[in-house]
Amino acid sequence: MKPAMETAAEETTEQSQERKGCFECCIKCLGGVPYASLVATILCFSGVALFCGCGHVALTGTVSILEQHFSSNASDHALLTEVIQLMQYVIYGIASFFFLYGIILLAEGFYTTSAVKEMHSEFKTTACGRCISGMFVFLTYILGVAWLGVFGFSAVPVFMFYNIWSSCEVLKGLPVNYTTTAEQICVDIRQYGIIPWNALPGKACGTALGNICSTNEFYMSYHLFIVACAGAGATVIALIHFLMILASNWAYLKDASKMQAYQDIKAKEEQELQDIQSRSKEQLNSYT
């Protein structure tokens, strides 16, 4: 009975040690995750997805509204149609590029986190790694400035659709307010410069404006442009977040490299001191 009890106790001890080892391994793995980079990556992916997906569909709806209500001649809006198609192709490129770039920045975050946490061990930061981190700082800064422009540009269609929506609301309030007639309320799309001034009809008044307001296509495009603008803003925030992370990591790597150089010099001096001491003892032993 006693050997059986001892065997059971040993098995229980081994199982508890295995569980403890797995728990420590999990904690170590979780400690190496760059949570700041992970949050920035998720925010960047979400913002780019909203901007690209909603922007693509909203641009298609804008062309349809323009052709049906503001420009009956295809030649008047041919240039705008080509520009919108080009922008849609650019959206495909933006989505692909930022999917790859976000993964690269997340991987760089894992690398830098490992370098900082293990800078006192055998892990060595190299000059190439620090140069790559500095390059990512510069590239992320350029992309952040570019996305600020994209964010401002994406607010333009929101402003245009907001003006149309405001005119629609005024038109709906006419039965209560009789100071103006329905035909006096107009939206002239030519004043925004997206179609030439000789385009016909170019504007919508009264009943025509009411028909635009009653379509699901108009409200869908309006709300999609708002979401696309919000997505561009989220991408700007994500890139600023990335920029702070990369600058901080680059500074940590720079300090780690200096610490490594100091430790190497210190180890070399200690080795030289030990060599001198050993030679001195050998000489004393030879004299005696």
Side-chain angles (χ1 to χ4, degrees), residues 46-92 94-95 147-237:
S46 302
V48 172
L50 288 175
F51 174 78
C52 294
C54 297
H56 186 279
V57 178
L59 287 173
T60 303
T62 302
V63 173
S64 179
I65 294 172
L66 190 67
E67 291 176 348
Q68 294 176 10
H69 303 284
F70 293 101
S71 180
S72 57
N73 190 359
S75 61
D76 292 335
H77 59 270
L79 179 61
L80 178 63
T81 303
E82 292 178 0
V83 171
I84 288 178
Q85 290 177 351
L86 179 62
M87 291 174 63
Q88 289 176 332
Y89 286 120
V90 170
I91 283 175
Y92 296 143
I94 290 174
W147 269 96
L148 279 175
V150 172
F151 176 65
F153 179 77
S154 62
V156 174
V158 175
F159 172 73
M160 294 170 55
F161 272 83
Y162 173 76
N163 287 338
I164 298 175
W165 175 81
S166 299
S167 300
C168 294
E169 293 299 314
V170 173
L171 192 62
K172 292 178 182 179
L174 278 180
V176 179
N177 184 6
Y178 292 95
T179 57
T180 57
T181 61
E183 297 302 323
Q184 291 177 329
I185 301 174
C186 300
V187 172
D188 194 344
I189 206 71
R190 295 170 296 185
Q191 64 182 340
Y192 300 108
I194 59 177
I195 57 175
W197 281 103
N198 57 357
L200 295 175
K203 64 179 181 178
C205 301
T207 305
L209 181 59
N211 293 333
I212 297 174
C213 298
S214 61
T215 59
N216 292 328
E217 196 170 36
F218 167 76
Y219 282 101
M220 179 65 70
S221 299
Y222 179 37
H223 291 106
L224 286 176
F225 273 126
I226 293 175
V227 176
C229 184
T235 306
V236 172
I237 295 174

Between Q88 and T60, a side-chain donor and acceptor under 3.5 Å: yes

N198, CG atom: more than 12 neighbouring heavy atoms under 6.0 Å: yes

Reported CG-to-CG distance for the pair L59 and L86, which is rounded to 0.5 angstrom: 11.0 Å

Test item: M160 and I189 side chains (from C-beta on) under 4.5 Å apart, heavy atoms: yes

Plane angle bin for Y222 and F161 - parallel if under 30°, tilted between 30 and 60°, otherwise perpendicular: parallel

Closest approach of I185 to S167 (non-hydrogen atoms, all atoms of both residues): CG2-O, 3.9 Å

Stepwise side-chain contact (heavy atoms from CB on, under 4.5 Å) check, Q68 with T215: CA-CA 11 Å; Q68 294 176 10; T215 59; 5.9 Å; no

OH (Y192) with more than 12 external heavy atoms under 6.0 Å: yes

Donor-acceptor contact present, side-chain S71 to main-chain L66, <3.5 Å: no

Minimum-distance pair of heavy atoms, taken over all atoms of F218 and I65: CA-CD1, 3.7 Å

side-chain contact (heavy atoms from CB on, under 4.5 Å) assessment of F70 paired with D188: CA-CA 8 Å; F70 293 101; D188 194 344; over 6 Å; no

I91 versus C52, closest heavy-atom pair with distance: CG2-CB, 3.3 Å

Pairwise side-chain contact, W147 with I94, heavy-atom cut-off 4.5 Å (strictly under): yes

Derivation and outcome, side-chain contact (heavy atoms from CB on, under 4.5 Å), residues C168 and I164: CA-CA 6 Å; C168 294; I164 298 175; 4.2 Å; yes

Closest non-hydrogen atom pair between I84 and V63, with its separation: CD1-CG2, 3.2 Å

Distance in Å, M220 CE paired with E217 CD, rounded so as to fall on 0.5 Å steps: 9.5 Å

Intermediate values then yes/no, side-chain contact (heavy atoms from CB on, under 4.5 Å), N163 and V187: CA-CA 8 Å; N163 287 338; V187 172; over 6 Å; no

Nearest non-hydrogen partners of C54 and V227, listed with the distance: SG-CG1, 3.5 Å

Criterion ring pair (Phe, Tyr, Trp, His ring centres under 6.0 Å) on H56 and Y92, from CA distance to verdict: CA-CA 9 Å; H56 186 279; Y92 296 143; 5.3 Å; yes

Between OG1 on residue T62 and CD on residue E67, distance to nearest 0.5 Å: 11.0 Å

Least distance between heavy atoms, S221 atom then G61 atom: OG-CA, 3.6 Å

From OG1 (T207) to CD1 (I212), nearest 0.5 Å: 11.5 Å

Atom pair OG (S154) and CZ (F159), whose distance is rounded to the nearest 0.5 Å: 14.5 Å

